[in-house]
Amino acid sequence: MRTNPHQERTRVAVVGAGPAGLLLSHLLSLSGIDSVVIDVRTRADIEATMRAGILEQGTIDLMTGTGVGARLLSEGRRHEGVAIRSRGESRRIDFPSLTGRAVHLYPQHEVLKDLVAARLDDGADLRFGVGDVSVHGVTTDTPVVRFTEADGTRVELACAVVAGCDGSQGVCRTAVPRQARTDYFHAYPHGWFGILTEAPPSSDELVYAHSDRGFALISSRTPTVQRMYFQCDPAEDAAAWSDERIWAELRARVNGNGFELQEGPVIQRGVIPMRSYVVDPMSHGRLYLAGDAAHTVPPTGAKGLNLAVADVAVLCQALERFFHQGSSELLDSYGRTASDRVWRAQHFSWWMTSMLHTAPDADAFGRRRQLGEIDQLTGSRAGSAYLAEAYTGWPFALTNPDSVISDTVRRSAERAP
Ligand code: PHB
């Protein structure tokens, strides 16, 4: 016999325990706003998912300013520039001198571990491994999120607001009816072949390489594990590549003029698709989408995690205004405010991708033009400053001066010259 669902209540039902959901729940708790976070994945799965690792200055400032940045500062690595490599020559773009800002290399799953630990320390209500998630009544004042707990208990979670933070494959994006939304989608004709290798670092800073054979990126994880990527066909079968073939391809795209990759055994490999997506609007009734649930960027600009953080900074301020002052004004403008940054990031990610990748249909003119663009970027202060500004990240929007994060956001914005 089926028992009735367990009735529960919270102010903000957060669907998804990724960077957006966990950080939102953390920031709301600092302002005394209760939430319940649910995720279909287990805690172990969430903490093991390998994603990119570049944190913008604003992300670093927000995490350290709200008490979840200690390990990021001690174990992450501050990067003050990147190398753009073309025709066998690296040219460095220096962030602090161009923007007063820098980035940190600190993998996303480490951010997630820190956020989960901080939330559990605070006694937060996090439920992993749930199933059958569905969202109801978002155009009423009393939305409900239904799900089944890992032990089989059915739950009806009543709330005032649903935060849809469950990524591109989650249920929240599609809870915005098709006739109420516009989907902006762009598929790139490339994939990224990504590897982890047991080897020492090849470079102190990231290397974004353009070559006749296509793009490559040299990044790092730890002193003994390195992350590298090279442009491939999105349908490429990663399992069909031997270690030797992978290294030959990377060498051909990156080595030269004294630069040599440090090679080692390939311990993980996979092909990542490249696409851009934005949903407009980013909300429907009392459902607010944040992070990958609302938008996807290709990995070239390292913007995915940072956009999730920026969305949540805007949403947190709007929810504080709503719950503490009874005004929905900032919730009503949430999508417009957040999407300003989303579209800048879409442009930046698309631009980095198109400048550095070889298009399958590129003609001789297109290839030569790309070199002109790279020369203009690396050879001019104005060109370099655009990349440095976008890469280290624009200041977060400050919409609510009474917010718990307003001082942090203000100080972070003042950092830029
Ligand atoms: C990574 O370290 O995985 C990484 C870094 C920068 C990117 C993309 C991925 O643009």
Side-chain angles (χ1 to χ4, degrees), residues 18-19 48-57 59-60 72 75-85 90 92-93 95 101-112 188 190-210 214-232 238 246 250 253-254 261-262 266-276 292 296-309 344-357 374 377 386-393:
T49 306
M50 277 282 174
R51 303 287 282 274
I54 291 290
L55 307 188
E56 291 175 1
Q57 187 69 59
T59 301
I60 301 161
L72 138 69
E75 293 179 29
R77 290 215 35 200
R78 181 176 158 92
H79 281 222
E80 297 198 335
V82 290
I84 303 290
R85 199 169 163 77
S90 291
R92 179 169 185 272
I93 299 196
F95 299 149
R101 299 156 84 88
V103 297
H104 258 65
L105 183 61
Y106 187 64
Q108 175 166 323
H109 62 276
E110 301 295 340
V111 172
L112 292 174
Y188 298 80
H190 335 289
W192 273 15
F193 195 120
I195 64 159
L196 283 175
T197 176
E198 266 166 11
S202 295
S203 162
D204 289 340
E205 294 180 336
L206 269 60
V207 179
Y208 287 83
H210 169 276
F215 171 76
L217 170 60
I218 310 305
S219 181
S220 181
R221 284 292 174 268
T222 68
T224 54
V225 176
Q226 311 312 316
R227 183 78 165 137
M228 301 182 190
Y229 305 90
F230 59 90
Q231 173 191 344
C232 66
I246 290 171
L250 279 163
R253 298 187 188 199
V254 182
L261 288 171
Q262 301 280 330
V266 174
I267 55 174
Q268 199 185 300
R269 69 188 63 195
V271 172
I272 303 161
M274 298 184 75
R275 46 182 65 121
S276 285
D292 285 1
T296 310
V297 283
T300 326
K303 286 282 167 255
L305 166 68
N306 296 292
L307 277 184
V309 170
R344 288 176 195 230
Q346 290 292 2
H347 170 70
F348 176 63
S349 308
W350 169 90
W351 171 73
M352 285 276 277
T353 304
S354 61
M355 176 174 63
L356 296 170
H357 291 63
I374 292 170
L377 166 77
Y386 169 61
L387 186 143
E389 241 175 53
Y391 201 86
T392 57

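Along the sequence shown, the residues carry numbers beginning at 1. Heavy atoms only: backbone and side chains are in, while hydrogens, waters and symmetry mates are out. Numbering of ligands and ligand atoms starts at 1, following listing order.
In this structure, Arg85 contributes its side chain and Val254 its backbone to a donor-acceptor pair below 3.5 Å. Remark: side-chain polar atoms of Thr392 are not paired, donor with acceptor, to backbone N or O of Ala102 under 3.5 angstrom. At distances below 3.5 Å, at least one donor-acceptor pair connects side-chain atoms of Asn306 with backbone N or O atoms of Ile54. Here the side chain of Glu80 pairs no donor or acceptor atom with the backbone of Phe95 at under 3.5 angstrom. Remark: side-chain polar atoms of Gln346 are paired, donor with acceptor, to backbone N or O of Thr296 under 3.5 angstrom.
Taking every heavy atom of Ala52 and a limit of under 4.0 angstrom, the matching atoms of ligand 1 come to 1 (C), 3 (O), 4 (C), 9 (C). Close approach of ligand 1 to Tyr208 is summarised as follows: ligand atoms under 4.0 Å from at least one heavy atom of the residue are 6 (C), 7 (C), 10 (O). Of all atoms in ligand 1, numbered sequentially from 1 with element shown, those under 4.0 Å from a heavy atom of Arg227 are 3 (O). The atoms of ligand 1 that sit less than 4.0 Å from any heavy atom of Leu206 are 5 (C), 6 (C). Atom numbering of ligand 1 starts at 1 in the shown order; those under 4.0 Å from a heavy atom of Thr300 are 10 (O).
The shortest contact between atom 2 (O) of ligand 1 and any protein heavy atom is with Ser219 OG, 2.6 Å. Nearest protein heavy-atom contact of atom 8 (C) of ligand 1 is Pro299 O, 3.3 Å.
A salt bridge links Glu56 to Lys303: one of the charged nitrogens lies within less than 4.0 Å of a carboxylate oxygen.
Within the 4.0 Å heavy-atom shell around ligand 1 one does not find Tyr106. Judged by the shortest distance from any of its heavy atoms, Arg221 lies inside the 4.0 Å radius around the atoms of ligand 1.
Within a 6.0 Å sphere centred on CH2 of Trp351, other residues, nucleotides and ligands contribute more than 12 heavy atoms.
Between Gly301 and ligand 1, a contact under 3.5 Å exists for no N or O pair. Checking only distances, Tyr229 does come within under 3.5 Å of ligand 1, N or O to N or O.
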